[in-house]
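Everything below concerns the one structure shown next.
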Amino acid sequence: MSHTSDSATHWVLTLSCPDRPGIVHAVAGLLAEHGGNITESQQFGDPDSGLFFMRVQVTSSATREDLVAALQGIGPRFDLRWHLDVVGRPVRTLVMVSTAAHCLNDLAFRQRSEGLPVDLVAAVSNHTVLQPMADFYGVPFHHVPVTKDTKAQAEARLLELVDELDVELVVLARYMQILSDDLCRRLEGRVINIHHSFLPSFKGARPYAQAHARGVKLIGATAHYVTGDLDEGPIIEQDVERVDHTRTVEDLVALGQDVERRALARAVRWHAEHRVLLDGRRTIVFR
């Protein structure tokens with residue numbers, strides 16, 4: 001039975017495996033056999049880890065079952081780890097917030113106005129301050145208070161929501177609670193955090209006031225995957241803003257929030273578009 005191009009689907013395939021000759025040839029051949037027309041392709045061989053990474057967008061009228069079967073067929077030969085999805089499919093995303101509004105507002109606005117490919121299925125917060133904003137954007141809001149004594153129950157509730165709502169990505173959008181090692185392991189590669197980063201790095205309360213007191217010249221932000229090591233997960237994106245002695249603490253806070261928004265939005269977009277592949281403690285980002 002012949003397929004018209006109207007029935008073609010735009011797929012995105014990402015893969016990693018030990019680097020060796022013949023990988024691109026095998027993948028391109030497999031896609032060609034299934035009537036695939038490659039629309040975008042990027043690859044990288046990491047000499048340090050010995051791994052090969054590839055991201056391909058392809059239109060094909062083959063079914064998902066056929067493509068999966070074909071990939072499973074060549075998988076063992078190359079020790080492939082691969083993922084297949086439809087280009088632009090909104091990723092089911094849960095956003096965790098505390099009281100700072102800028103990142104939630106930015107993600108919800110971009111999803112609505114700029115086609116950020118996420119479906120915001122829930123906002124979870126340890127406060128109720130941002131409920132009106134979630135309501136405004138039509139994002140279901142869940143208040144999950146956290147104290148030392150209720151931390152375990154709060155995390156259990158989060159995992160319940162992740163399961164119930166088929167959540168694929170959790171975004172810590174200035175969520176001011178530390179997740180347990182166990183939770184980080186359970187959701188590894190599926191949680192993105194935004195962290196203010198300075199040189200020198202200021203930890204604890206009022207980082208912008210500390211930065212101002214030290215006369216920093218650069219403020220910045222780092223978006224990274226969350227691991228059990230606090231703020232040391234694989235980095236997806238970083239951004240900076242140059243500042244000088246004329247800037248007040250309030251200026252630094254405003255500029256810092258802007259940098260945080262930008263870095264987080266890019267990291268979430270690249271993750272949702274399957275442009276980020278994990279390479280040990282690093283990421284490969286096919287922009």
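Please read these numbers as outputs of a predicted model, since none were measured by experiment. Throughout, numbering of the chain's residues begins at 1 and tracks the sequence.
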Check: Does the side-chain contact (heavy atoms from CB on, under 4.5 Å) test come out yes or no for Val243 and Asp251, once each step is laid out?
Finding: CA-CA 9 Å; Val243 294; Asp251 290 339; over 6 Å; no
Next item on the list: Assess whether side-chain contact (heavy atoms from CB on, under 4.5 Å) is satisfied between Val24 and Gln43, documenting all intermediate values.
Entry: CA-CA 9 Å; Val24 176; Gln43 64 201 57; 3.7 Å; yes
Note to self: The test is side-chain contact (heavy atoms from CB on, under 4.5 Å); show your working for Thr283 and Leu278 and say whether it passes.
What the structure shows: CA-CA 5 Å; Thr283 60; Leu278 283 169; 4.0 Å; yes
Checklist line | Chi angles and distances behind the ring-ring contact (aromatic ring centres under 6.0 Å, His included) call for His271, Tyr225 | finding: CA-CA 10 Å; His271 176 94; Tyr225 286 116; 5.7 Å; yes
Next item on the list: Check the pair Asn193 / Tyr175 against side chain to side chain donor-acceptor pair (under 3.5 Å), numbers first and verdict last.
Entry: CA-CA 8 Å; Asn193 184 34; Tyr175 180 66; over 6 Å; no
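Of all heavy-atom pairs between Pro90 and Val118, the closest is CB-C, 3.9 Å. Between Glu237 and Ala263, the closest heavy-atom pair is CG-O, 3.9 Å. Ser197 and Thr222 get closest at one heavy-atom pair: OG-OG1, 3.0 Å. The two atoms that bring Pro132 and Val129 nearest to each other are CD-O, 3.3 Å, heavy atoms only. Residue Gly115 comes nearest to Arg269 through the heavy atom pair O-NH1, 3.8 Å, listed as atom of the first residue, atom of the second, then distance. For Val97 against Ala173, the heavy-atom pair with the smallest separation is CG1-O, 3.7 Å.
Annotation: side chain of Gln238 is in contact with side chain of Ile235 (closest heavy-atom distance under 4.5 Å). For the pair Val268/Val171, a side-chain contact is recorded, criterion being any heavy-atom separation below 4.5 Å from C-beta on. In this structure, Phe286 and Trp270 have side chains that are not in contact, with every pair of non-hydrogen atoms separated by 4.5 Å or more. Looking at heavy atoms from C-beta onward, Glu168 lies out of side-chain contact with Thr93 at the 4.5 angstrom threshold. By the 4.5 Å heavy-atom criterion applied to side chains, Arg64 and Asp85 are counted as neighbours. With contacts defined as side-chain heavy-atom distances shorter than 4.5 Å, the pair Ile192/His224 does not qualify. Contact of the Leu67 side chain with the His34 side chain is registered, since non-hydrogen atoms from C-beta on lie closer than 4.5 Å. Arg266 has its side chain within reach of Asp239: a pair of non-hydrogen atoms, C-beta onward, lies under 4.5 Å apart.
Taken to the nearest 0.5 Å, the CG atom of Leu13 stands 8.5 Å off from the CG atom of Leu30. Atom CG of Leu116 is separated from atom CZ of Phe109 by 12.0 Å, given to the nearest 0.5 angstrom. Taking CZ of Phe53 as the start and CG of Leu277 as the end, the distance is 6.5 Å to the nearest 0.5 Å. Between Leu252 atom CG and Arg247 atom CZ the span is 8.0 Å, to the nearest 0.5 Å. Atom CD1 of Ile194 is separated from atom CG of Leu107 by 9.5 Å, given to the nearest 0.5 angstrom. In this structure, Leu255 CG and Glu250 CD are separated by 11.5 Å, a value rounded to the nearest 0.5 Å.
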List the atom pairs, with distances to 0.1 Å, where a side-chain N or O of residues 70-84 and a protein N or O form a donor-acceptor pair under 3.5 Å, not counting sequence neighbours.
none

Sequence neighbours excluded and cut-off under 3.5 Å, please list the side-chain donor-acceptor pairs for residues 176-190, or say none.
| residue | atom | partner | partner atom | Å |
| --- | --- | --- | --- | --- |
| Ser180 | OG | Glu155 | OE1 | 2.5 |
| Ser180 | OG | Leu183 | N | 3.2 |
| Arg190 | NH2 | Val167 | O | 2.8 |

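In terms of hydrophobic clustering, with Ile, Leu, Val, Met, Phe, Trp and Tyr side chains grouped at heavy-atom distances under 4.5 Å, Leu15 and Leu31 are assigned to a common cluster. No single ILVMFWY cluster, assembled from side-chain heavy atoms under 4.5 Å apart, contains both Leu169 and Leu158. Under a hydrophobic clustering in which Ile, Leu, Val, Met, Phe, Trp and Tyr are joined whenever their side-chain heavy atoms come within less than 4.5 Å, directly or via other members, Phe141 and Leu94 fall into different clusters. Both Val276 and Val91 belong to a single network of hydrophobic side chains, linked directly or stepwise wherever heavy atoms of I, L, V, M, F, W or Y lie under 4.5 Å apart. The hydrophobic clustering, which links ILVMFWY residues whose side-chain heavy atoms are closer than 4.5 Å, places Val56 and Val87 apart.
A salt bridge links Glu164 with Arg157: the closest approach of a Lys/Arg side-chain nitrogen to an acidic carboxylate oxygen falls below 4.0 angstrom. Between Arg262 and Glu241 there is a salt bridge, since at least one side-chain N of the basic residue sits less than 4.0 Å from a carboxylate O of the acidic one.
Sequence neighbours left out, the pairs with a member in residues 143-153 that pass side-chain hydrogen bond (donor to acceptor under 3.5 Å, both in side chains) are Thr147-Thr150. Pairs engaging residues 16-27 under the side-chain hydrogen bond (donor to acceptor under 3.5 Å, both in side chains) rule: none recorded [sequence neighbours left out]. For residues 38-60, every residue pair satisfying the salt bridge (Lys or Arg N to Asp or Glu O under 4.0 Å) rule, not counting sequence neighbours, is listed here: Glu40-Arg55, Glu40-Arg275, Asp46-Arg282. The side-chain hydrogen bond (donor to acceptor under 3.5 Å, both in side chains) pairs that include a residue from residues 117-131 are Ser98-Asn126, where partners are two or more places apart or lie in different chains.
Checked by atom type and distance alone, the side chain of Thr39 pairs as donor or acceptor with a backbone atom of Gln57 at under 3.5 Å. Counting only distance, with no hydrogens or angles, the side chain of Asp106 and the backbone of Cys103 share no donor-acceptor pair below 3.5 Å. Remark: side-chain polar atoms of His196 are not paired, donor with acceptor, to backbone N or O of Gln257 under 3.5 angstrom. Side chain of Thr9 to backbone of Trp11: no donor-acceptor contact under 3.5 angstrom is found.
Within 6.0 Å of atom CZ in Arg112, more than 12 heavy atoms from other residues, nucleotides or ligands are found, so the atom counts as buried in its surroundings.
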